[in-house]
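In what follows, a structure is listed as structure tokens, so that the remarks can point back to it.
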Amino acid sequence: MSAPILAVIGGGQLARMMQEEASALGVHLRTLVEAADGSAAQVTVDAPVGRADDADAVRALAAGAAALTFEHEHQDSALLSRLQAEGVPVRPAPEALLLARDKLAMRRAVDAAGLPQPAWTEIAGNAQEMRAQIGAFAAAHGWPVVLKTPRGGYDGHGVLMIDSVADLDDGEAATWLETTAAARAGNATAGTGGGGSLGGGAVTSLLVEEAVPFTRELAVLLARRPSGQIAVWPVIESVQSGGICVQAVAPAPGLDPAAARQAEHIGRTIAERNNVTGVLAVELFAVEAPEGTRLYINELAMRPHNSGHWTQDGAVTSQFAQHLRAVLDLPLGATTPTAPTTVMVNYLGGDRLPPADALARALEREPQAHIHLYGKQWRPGRKLGHVNLTTAATDPAGIDVARERAGAVVAILRGEV
């Protein structure tokens, strides 16, 4: 068999973990990396250096490839549309990817599909007009409200919690209003709010949402082929800190079966209505009450996602192998869990450089842990790896023990013990 070439824009840890599965499947991965020593470049033979908005670099990457896919959503839509028109299989297609790149486009599409989400509105105008629009929205839906930049946000960036109208008078929120107003007036400057957005021009409006009083956060992950086949993993619970997913538990403990079915319906509906190909992650707020669980769509991702890292060691088919299969239109693998519960804990850079023996001590501490390192230089708060741990426990106490065991491994890697 000749190895199909899959072109991937982006050279971070997600592309790195795609390469691990591509090697097993005999797929030739060609990755456009940001730096020659980056995470994916360390393990990928065919890793040209270039930017996602460099048309020549992207064209060279896609030449002869069976498909073009991504490890992040910050892409040049116009360039992708031109490539698609020229016959390059872009997966997911630019029209679908827009829903993961642009929160306003996503909110409109979710409304059109009749799926549950927080109340929201777009605000635009000068700074005072936007301030008044936020106040009017809060009068209708209550304080606090969430202010978001429609494009360019990730891991908590581009999101502000606003507790009262006074929060808009100075600080980061005021800067957002001023730079967005300036961009709308044709005077865009770099930075959040009025800053540039890859392939999308300056941000000239903002998004305001109600702050959902959620009891926990969930995610549903699925994959879809161009031919229409869909495979869904169990709904997971995610734990966020500072806008970053720090833990995931699969399946979500104690989740109302009706809520699990609704989450799957939400994921399938978004994938089918928008012709999504590859892995789709839908982040959800859950409001749990005696009368039942209400779900609200938070955000979308159209590529392997932090909430799916558990699948590497806790499911028959990992999200990385499934993404390759899906975008190459190969039959999808089983998503069946291989253990009653899998816990994933993210390894973020600690306050100091970890000692040289941290990995050896972490491996010794927990022989059942699966440690995945990304080959990144240490920096406080940076995603450097994750730890998966499977357990037979399904009760809260047993799952908490697994969380603690995986967390202890991460603490050693961070140099905290």
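Predicted, not measured: the structure shown is a model, and the values here were computed from it.
Once rounded to the nearest 0.5 Å, the distance linking CG of Leu280 with CG of Leu222 reads 4.5 Å. Between atom CE of residue Met130 and atom CG of residue Leu177 there is a gap of 5.0 Å, rounded to the nearest 0.5 Å. Atom CG of Asn298 sits about 8.0 Å away from atom CG of Leu284, to the nearest 0.5 Å. To the nearest 0.5 Å, atom CG of residue Asn306 and atom CD of residue Gln240 are 8.0 Å apart. Note that CD of Glu299 is 4.5 Å distant from NZ of Lys103, once rounded to the nearest 0.5 Å. Atom CZ in Arg30 sits 6.5 Å away from atom CG in Leu61 (nearest 0.5 Å).
For the side chain to side chain donor-acceptor pair (under 3.5 Å) test, residues two or more places apart in sequence or in another chain that qualify with Gln229 are Arg225. With sequence neighbours left out, Glu34 forms a side-chain contact (heavy atoms from CB on, under 4.5 Å) with His72. Contacts of Arg405 classified as side chain to side chain donor-acceptor pair (under 3.5 Å), with partners at least two apart in sequence or in another chain: Glu366. Legend: residues meeting side-chain contact (heavy atoms from CB on, under 4.5 Å) with Ala124, ordered by chain and number and at least two apart, are Arg184, Ser205. By the side-chain contact (heavy atoms from CB on, under 4.5 Å) test, Ala36 is found to be paired with Val49, residues two or more places apart in sequence or in another chain being considered. Considering only residues two or more places apart in sequence or on other chains, Glu178 meets the side chain to side chain donor-acceptor pair (under 3.5 Å) condition with none of them. For the ring pair (Phe, Tyr, Trp, His ring centres under 6.0 Å) test, no residue two or more places apart in sequence or in another chain qualifies with His305. Listed by chain and number, the residues in a side-chain contact (heavy atoms from CB on, under 4.5 Å) with Ala219 are Ile236, Ser307 (sequence neighbours excluded). For Glu122, the salt bridge (Lys or Arg N to Asp or Glu O under 4.0 Å) partners at least two apart in sequence or on another chain are Arg108. Scored by the side chain to side chain donor-acceptor pair (under 3.5 Å) test, Gln368 finds no partners at all (sequence neighbours excluded).
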- Message: Is there a side chain to side chain contact (heavy atoms under 4.5 Å, CB included) between Phe285 and Gln117? Walk through the geometry before answering.
- Response: CA-CA 9 Å; Phe285 294 132; Gln117 63 178 343; over 6 Å; no
- Item | Worked verdict on Gln312 versus His370 for side chain to side chain contact (heavy atoms under 4.5 Å, CB included) | CA-CA 9 Å; Gln312 290 173 295; His370 298 269; over 6 Å; no
- Query: Can Glu71 and Arg16 be said to form a side chain to side chain contact (heavy atoms under 4.5 Å, CB included), step by step?
  - Reply: CA-CA 10 Å; Glu71 73 132 29; Arg16 179 190 181 100; over 6 Å; no
- Message: The test is side chain to side chain contact (heavy atoms under 4.5 Å, CB included); show your working for Asp167 and Met161 and say whether it passes.
- Response: CA-CA 9 Å; Asp167 289 349; Met161 185 72 75; over 6 Å; no
- Item | From CA spacing to verdict: side-chain hydrogen bond (donor to acceptor under 3.5 Å, both in side chains), Thr31, Gln19 | CA-CA 9 Å; Thr31 306; Gln19 171 57 47; 5.5 Å; no
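Contact check for Leu221 versus Val279: side-chain heavy atoms found under the 4.5 Å cut-off. Taking 4.5 Å as the limit, every side-chain heavy atom of Glu21 sits out of range of all side-chain heavy atoms of Pro304. Under the 4.5 Å side-chain criterion, counting only non-hydrogen atoms from C-beta, Val316 is not in contact with Thr335. Counting only heavy atoms from C-beta outward, the side chains of Thr390 and Trp310 never approach each other to under 4.5 Å. Under the 4.5 Å side-chain criterion, counting only non-hydrogen atoms from C-beta, Ile123 is in contact with Leu147. Residues Ile134 and Val165 have side chains not in contact (no heavy-atom distance under 4.5 Å, counting atoms from C-beta outward). Looking at heavy atoms from C-beta onward, Ser77 lies out of side-chain contact with Leu97 at the 4.5 angstrom threshold. Counting heavy atoms from C-beta outward, Leu68 and Pro89 have side chains that stay 4.5 Å or more apart.
In this structure, Trp120 contributes its side chain and Leu104 its backbone to no donor-acceptor pair below 3.5 Å. At least one donor-acceptor pair closer than 3.5 Å links the side chain of Asn346 to the backbone N or O of Cys245. Side chain of Glu95 to backbone of Asn274: no donor-acceptor contact under 3.5 angstrom is found. Although no hydrogens or angles enter the test, the distance criterion places no donor-acceptor pair under 3.5 Å between the side chain of Thr293 and the main chain of Ala289. Side-chain N or O atoms of Ser39 include none that pairs as donor or acceptor with a backbone N or O of Gly375 at under 3.5 Å. A donor-acceptor pair is defined here as one N or O able to donate and one able to accept, closer than 3.5 Å; no such pair exists between the side chain of Tyr296 and the backbone of Val212. Looking only at distances, a side-chain donor or acceptor of Asn388 sits under 3.5 Å from a matching main-chain atom of His309. A distance-only check finds no donor-acceptor pair linking the side chain of Arg91 to the backbone of Thr277 [under 3.5 Å]. Between the side chain of Arg151 and the backbone N or O of Asp102 there is no donor-acceptor pair closer than 3.5 Å.
Residue pairs satisfying the salt bridge (charged side-chain N to carboxylate O under 4.0 Å, His left out) criterion with at least one member in residues 254-268, sequence neighbours excluded, are listed as follows: Glu264-Arg268. Annotation: salt bridge (charged side-chain N to carboxylate O under 4.0 Å, His left out) contacts involving residues 384-400, sequence neighbours excluded, comprise Asp400-Arg403.
The pair Arg107-Glu209 meets the salt-bridge criterion, with a side-chain N (NZ, NE, NH1 or NH2) lying under 4.0 Å from an Asp/Glu carboxylate O.
A tilted orientation is assigned to the rings of His386 and Tyr374, their planes being inclined by 30° to 60°.
Between the side chains of Gln75 and Arg101, no donor-acceptor pair of N or O atoms lies under 3.5 Å.
Taking a 6.0 Å sphere around CG of Asp357, one finds it holds more than 12 heavy atoms contributed by other residues, nucleotides or ligands.
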